[in-house]
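What follows is a set of notes on a single structure, which appears directly below.
Values below: every heavy atom of this structure, side chains too, minus hydrogens, waters and symmetry copies.
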Amino acid sequence: MLKDILGGSAASVLTVTFGLSYALLIFAGPLTPFLSYGVAATFISSAILAGVIAAGSSLPFAVSGPESSTAAMTGILASSMVERIVAADPSAPLLAPVLITLAMATILTGLVLCGFGMTRMGRAIRYVPYPVVGGFLGATGCLILLGAVRVITGYRLQFATLGQFGDLLTLSKLAAACAMALILYMTWHRSRSSFGLPAILIGGVIAAHVVFRLAGLSPVEAQAAGWTFQPPPGVTFMSPWSVDALRAYPWHLLPDLSGNLIAVIFVTASSTLFNVTGIEVATHREANLERELNITGLANILTGAFGGYPGCASISRSVLNFNSGGTGPLSGLTVAAISLLMLVFAPSLLGYMPKFVLGGLLIYLGADGLHKWIIQSRRRLSFTEYLSLLAIIVIIVQWGFIAGILIGVVIGCATFALSASRIDSIKFSFDGSEYRSSLDRSREELTVLSAHGGSIQGLNLQSYLFFGSANRLYQHVKALLARHPECRFLLFDFKLVTGIDSSAAYSFAQIKRTASDRGIRLVLVNLQASTEKTLRSSEFVSPDVSIVPELDHALEWCENEIIAQHEGRDDEEASLRDWFVRILGSEEGAMELIHRCERLEVRAGEIIVNAGDAANSMHFILDGRVGVMIPAGDGGLTRVRSLGRYTTVGEMGLVARAPRNATIQAEVASVLYVLSVDQFEAIKTENPALSQKLLTYFVLVMAERLTFANRLIGVLRR
């Protein structure tokens, strides 16, 4: 118990010191005459937050209160409220509307935190991109710096007010505050001792008054020159919820303040989550996140009900209490009790407090935040992320927190999409000659697969597929098919794919069109139900796309197709060779002619050539049947001749180079070998003997057809 009280007392020193600086930050400018009310609101907030959170937290040693980030946002909210009230009516009262606004913001923050805790939605804030959080907190540090300048000089640091910072007195005040901030950095920043900060601040107050006396300034003259605060009158607690104050409240201004209200909620929620995580790491204790959100929400609701402003668990004060031996809720209750006592003593103390002492503390806090997020974060972030962090800071300072958060999230998402699109969606690729099924095969079948394994091309996919990564996959497939024109089966293994979006499905549709143009069969393996549904919506999955549960079975099926195809092809090539040997009289000539020809497989009814086309090839019909068609009177086609196996068509056009005078159409599924005019000319140049044999064969064919035609004419004349 004694250690809890001692640890709580040590943490109270920081609570009191920070509390005074936060009150000055919030109740600055036109609200300076009401500073004593701000001090009261600060220590009421500290007392309620520390007591309630200590009693209900899953980290019982946690010390809570207003934080620099929450105080900075609260100050911005109060300042925005005052500006709008003064712009509408310079004589309107300020204190009651500001207190009501802060109290409503605190209650609303508490309700949102409780909602996050009960629905477990608080975890979603951890998905906010890190540069957005860093830019947010960096901008908070910048705003604390600007607030410190206003506390010290009484002026806002803007282009319009730069002239007011030119006199020697104002520059002297700023120089003294900067010196105080430097002393804090050189001493307390490095030691972080329990009583180091109050000792430095008390020493600064004493030193300031010694300098005032040596300069011949009395306390009254120092106050008149703006070196110290005007002593506020002692005040009693004032509830913001009076009927008259609520009736006179400018409710029409709330829509204009909605952005700052949302920013207060976001800052408090993010500070709660990040601070709890920081306390976990520093103390090696595990916290219940939902419980922390619920108890922090309840504490803020009670704080708002009593006219306070938002806060949450503090890393520095909690760790200080823990290191001092505090382990139970009594530490937080001690902080709460001391905060209530400060309601009596703090107002009178402010009259002797030099502005540059507390202003220096604010400068130190703001500069420390900027250093952390602008300098130190550079080592942890990529160049693109760091630029986005700086951009978010500038946007927030210039246009407000809401604009900064929204634009920051957009930048973060775009950066993530760009980075994710660079991740290769292909874990590895393979072809059928190096990666086969587990089925044991005969030596003959293995020989076929070794020779024609390139007909199978496979891609093992990974990660989440979206528009960026899927488009890269599409480009990879196009290049793959260009390198492997022999490909007939393209396998996609989705085993490591975590998901796919609709834009990626469009890229797969492009892949399907490319494959269809080349006569390639698509095979999908390990396809999850959600992925299949998305691909079906883009019409990628259709009857001509095979879906196989396992990769091994898919490879086996493709291998069987290749083996069946090439076993039949061997017989086909043997038949073609025998035919060409009969035509040419030599096996050497037959083999060369086979190599000069290109195999063509056509379906029944498919047009092979059209009448009027250039005669740039001839066809050897190895299997099937084709018809020679001419236009009929009804606009259709009439067959004038039918050609079966071991016949040729188009040889006359190949020799004469005249346009084709008939359409050639497959009557049944047929296999043809095409000799192009370029290959024919090459034969004439490189192998004149073979060319002569071909021409002899052409003459014989045409002579037979002419003989048949003469006999037919003779019959018709009878």
Side-chain angles (χ1 to χ4, degrees), residues 4 8 11-12 14-16 18-19 22-23 26 40-71 73-74 77 99 102-119 121-122 125 237 239-241 261 264-280 287-318 321 326 328-340 342-343:
D4 288 339
S12 296
L14 294 182
T15 298
V16 170
F18 288 140
Y22 297 157
I26 297 171
T42 297
F43 288 111
I44 286 173
S45 303
S46 300
I48 297 176
L49 290 167
V52 173
I53 294 178
S57 174
S58 59
L59 300 169
F61 56 86
V63 176
S64 305
E67 282 277 84
S68 59
S69 57
T70 60
M73 275 313 309
T74 305
L77 177 62
L99 291 179
L102 298 185
M104 287 194 302
T106 307
I107 293 174
L108 184 59
T109 299
L111 292 173
V112 172
L113 288 175
C114 288
F116 283 165
M118 289 185 290
T119 61
M121 289 179 58
I125 200 168
F237 169 70
S239 173
W241 307 113
L261 285 171
V264 169
I265 296 171
F266 180 86
V267 168
T268 308
S270 59
S271 297
T272 299
L273 294 170
F274 289 122
N275 287 5
V276 168
T277 303
I279 295 171
E280 286 179 322
N288 185 317
L289 185 59
E290 283 72 34
R291 183 175 174 182
E292 294 304 317
L293 287 169
N294 285 326
I295 196 63
T296 304
L298 177 61
N300 277 279
I301 292 173
L302 293 176
T303 300
F306 284 91
Y309 55 89
C312 60
S314 167
I315 296 179
S316 59
R317 283 167 266 178
S318 298
N321 175 44
L330 186 57
S331 299
L333 297 176
T334 301
V335 173
I338 294 176
S339 297
L340 290 175
M342 289 306 299
L343 290 173

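- Between Thr74 and Pro310 there is a side-chain heavy-atom pair separated by less than 4.5 Å.
- The line from CD1 of Ile48 to CG of Leu340 is 8.0 Å long, rounded to the nearest 0.5 Å.
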Can you list, pair by pair, the side-chain donor-acceptor contacts under 3.5 Å of residues 51-62, counting residues two or more places apart and other chains?
unit_1	atom_1	unit_2	atom_2	d
Ser57	OG	Leu59	N	2.9
Ser57	OG	Leu59	O	3.2
Ser57	OG	Glu292	OE1	3.0
Ser57	OG	Glu292	OE2	2.8
Ser58	OG	Asn288	N	3.0
Ser58	OG	Glu292	OE2	2.5

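- Summarising the geometry, atom CG belonging to Leu113 is positioned 8.0 Å from atom CG belonging to Leu273; distances are rounded to the nearest 0.5 Å.
- A donor-acceptor pair under 3.5 Å links the side-chain atoms of Ser318 to the main chain of Val63, judged by distance alone.
- The two residues Ala103 and Gly307 come nearest to each other via the heavy atoms CB-CA, 4.3 Å.
- Counting heavy atoms from C-beta on, the side chains of Asp4 and Thr334 never come closer than 4.5 Å.
- Separation of atoms CD1 (Ile265) and CZ (Phe116) is listed at 8.0 Å; rounding is to 0.5 Å.
- If you take CE on Met73 and CD1 on Ile26, they are separated by 11.0 Å, rounding to the nearest 0.5 Å.
- For the residue pair Ala47 and Ala336, the shortest heavy atom distance occurs at O-CB, 3.2 Å.
- Take Leu261 and apply the side-chain contact (heavy atoms from CB on, under 4.5 Å) test, not counting sequence neighbours, and it matches Leu77, Ala105.
- Under the side-chain contact (heavy atoms from CB on, under 4.5 Å) criterion, Met118 pairs with Cys114, Asn294, sequence neighbours left out.
- Put simply, the side chain of Thr106 gets close to the backbone of Gly308: a donor and an acceptor are under 3.5 Å apart.
- Partners of Ser45 according to the side-chain contact (heavy atoms from CB on, under 4.5 Å) rule, which considers only residues two or more places apart in sequence or in another chain, are Leu49, Pro66, Thr303, Tyr309.
- Separation of atoms CD1 (Ile107) and CE (Met104) is listed at 8.5 Å; rounding is to 0.5 Å.
- Side-chain atoms of Leu298 and Ile295, non-hydrogen and from C-beta on, do get closer than 4.5 Å to each other.
- Ser331 meets the side chain to side chain donor-acceptor pair (under 3.5 Å) test with Asn321; sequence neighbours excluded.
- When all heavy atoms of Ser271 and Cys312 are compared, the closest pair comes out as CB-SG, 3.8 Å.
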